[in-house]
*Asks:* 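Once you've had a glance at the structure underneath, I'll fire off some questions.
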Amino acid sequence: MSEFQFPGLNLAITTPFDDAGRIDYISLERNIERYLAAGVRSFLLSSGTGMHVYLSKEESEGLIRRGARIVNGRAKIIAQTSALLVEEAVERTARARDAGAEGVMVLPPFFEGPTDDQGIVDFYAEVAGVGLPVIGYNVPQAVGVAITPELLLKLSEIPGFCAVKDSGGDLGKQAELIRTGKFVMNGADNLVPYALYAGCHGLIWGGANFAPRTCLAIVDAAARGNWAETRELWKLLEPVMALLSKGDYVQTVYAAAHLAGYGAGSPRKPLRTLSSDRIPALRQSIETLIEREAI
């Protein structure tokens, strides 16, 4: 098997918005520079955490282009290019390629999409034809389509299909994907250390927006096989990662990032800012992390 192109932590970065709901490129540059200084070496732009579904095609392309320009070769750039129409997913992928992306993450056809494996294989084959490495996105609870081990083996025969990101939240099923021997990335924040121990090949992590140094440290500890250190680091992260898994994921990440100094404004409509009655518990869950990140 060839070397995996996107190992370690790939930050599913928030998309900053100003008070009028427009993309705030000044905050984007500030945050990217801080993440780079913290050691982040791969970004996923227009991610689910970055509100991909609430960005227009033009906004998504502009975000990728500006992000790639800011990074300027100092880190890898992945872009989400998911769309309902096959033709639009292909177009978005081509635009991302031309804007500077080095890989794309794409949901399988969703909202009454195909239920047969061949329809999904054909979809990804068209997207991969653009020429960028393609990461399939497995989030069956939201999409209604599951990437099974059998389907992953078929998808991996497509030239350019490089991995699957599993956000299903079921460690047993993710372990089944890993046992195929194909590249698997964990996307479930509350499973990070367990997925690393099971042998996942990389992380796409939205929760790292507010604790990048600690998240990088846990990846490094696991890579060295130091599971005692991994567990100690996870004790710091587990309270807030468990909180994220209880709902309002995007709103909670934006609120936590603001508390940690990586402000990205408020999520775009129709999402709303995290309710004020939930802020005290969130603040308590990240207090130690904020202190550690400042060291």
Side-chain angles (χ1 to χ4, degrees), residues 1-8 10 12 44 47-49 52-53 78-86 88-90 92-93 103-130 132-207 222 241 244-245 247 249:
M1 184 182 289
S2 60
E3 186 176 348
F4 185 46
Q5 295 154 288
F6 306 108
N10 301 269
L44 171 61
S47 63
T49 309
H52 173 79
V53 295
I78 310 168
Q80 181 171 190
T81 56
S82 302
L84 279 170
L85 296 175
V86 177
E88 184 178 342
V90 170
R92 282 176 175 264
T93 299
V104 293
M105 182 183 76
V106 186
L107 285 164
F110 54 99
F111 193 68
E112 299 184 357
T115 56
D116 63 297
D117 284 1
Q118 192 56 49
I120 297 168
V121 170
D122 291 344
F123 167 81
Y124 277 113
E126 288 199 49
V127 174
V130 173
L132 283 180
V134 175
I135 300 166
Y137 189 178
N138 187 47
V139 55
Q141 65 271 30
V143 176
V145 175
I147 297 180
T148 63
E150 295 76 21
L151 178 54
L152 177 56
L153 289 171
K154 294 175 184 177
L155 292 170
S156 298
E157 295 176 2
I158 301 170
F161 186 94
C162 71
V164 62
K165 172 197 174 186
D166 178 41
S167 296
D170 186 318
L171 182 61
K173 290 183 178 179
Q174 185 173 135
E176 290 179 357
L177 293 172
I178 293 169
R179 285 198 297 272
T180 65
K182 304 303 180 183
F183 292 126
V184 176
M185 307 177 77
N186 175 62
D189 294 18
N190 62 333
L191 294 184
V192 165
Y194 316 107
L196 289 169
Y197 187 77
C200 77
H201 302 90
L203 307 171
I204 293 179
W205 198 350
M241 297 305 158
L244 289 176
S245 69
Y249 179 91

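Everything numeric in this text was worked out from a predicted model, so none of it was measured. No hydrogens, no waters, no symmetry mates; every other heavy atom, side chains included, goes into these values.
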*Asks:* Using every non-hydrogen atom in the two residues, find where M185 and F6 come nearest and quote the distance to one decimal.
*Replies:* CE-O, 3.5 Å
*Asks:* Do N10 side-chain atoms and L44 backbone N/O form a donor-acceptor pair below 3.5 Å?
*Replies:* no
*Asks:* May I ask you to test the I135-V106 pair for a side-chain heavy-atom distance under 4.5 Å?
*Replies:* no
*Asks:* Do the non-hydrogen side-chain atoms of L152 and E150 ever get within less than 4.5 Å of each other?
*Replies:* no
*Asks:* Quick one, T49 and W205 - any side-chain contact, counting heavy atoms below 4.5 Å?
*Replies:* no
*Asks:* Please tell me if the side chains of S245 and D189 come closer than 4.5 Å, counting only heavy atoms from C-beta onward.
*Replies:* no
*Asks:* Indicate yes or no for a side-chain donor-acceptor contact from Q141 to the backbone of S167 under 3.5 Å, with no hydrogens or angles considered.
*Replies:* yes
*Asks:* Could you walk me through whether L155 and I147 pass the side-chain contact (heavy atoms from CB on, under 4.5 Å) check?
*Replies:* CA-CA 9 Å; L155 292 170; I147 297 180; 4.1 Å; yes
*Asks:* A side-chain contact here means heavy atoms from C-beta on lying under 4.5 Å apart; do V192 and N186 qualify?
*Replies:* yes
*Asks:* Answer yes or no: is there a side-chain heavy-atom contact under 4.5 Å between R92 and H52?
*Replies:* yes
*Asks:* Work out which heavy atom in T180 is nearest to a heavy atom in L177; give both atom names and the distance.
*Replies:* OG1-O, 2.6 Å
*Asks:* What are the two closest heavy atoms between A188 and G169, and how far apart are they?
*Replies:* CB-CA, 4.0 Å
*Asks:* Nearest heavy-atom pair of L107 and S82: which atoms, and what distance?
*Replies:* N-OG, 2.8 Å
*Asks:* Please round to the nearest 0.5 Å and tell me the distance separating atom CD of Q80 and atom OG1 of T93.
*Replies:* 10.0 Å
*Asks:* Is Y197 atom OH crowded by more than 12 heavy atoms from other residues, nucleotides or ligands, each under 6.0 Å away?
*Replies:* no
*Asks:* Please name the pair of heavy atoms, one in F4 and one in H201, separated by the smallest distance, quoted to 0.1 Å.
*Replies:* CD2-O, 3.5 Å
*Asks:* To the nearest 0.5 Å, how far apart are CG in D166 and CD in E176?
*Replies:* 10.5 Å
*Asks:* Hey, what do you get for OH (Y194) to CD (Q174), rounding to the nearest 0.5 Å?
*Replies:* 13.0 Å
*Asks:* Consider side chain to side chain contact (heavy atoms under 4.5 Å, CB included). Of V134, V86, L151, which one does Y124 pass it with?
*Replies:* V134
*Asks:* Find the distance between CE (M241) and CG (L191) and round it off to the nearest 0.5 Å.
*Replies:* 12.0 Å
*Asks:* Provide the closest heavy-atom pair for E126 versus V90 in the form atom of the first, atom of the second, distance.
*Replies:* O-CG2, 3.8 Å
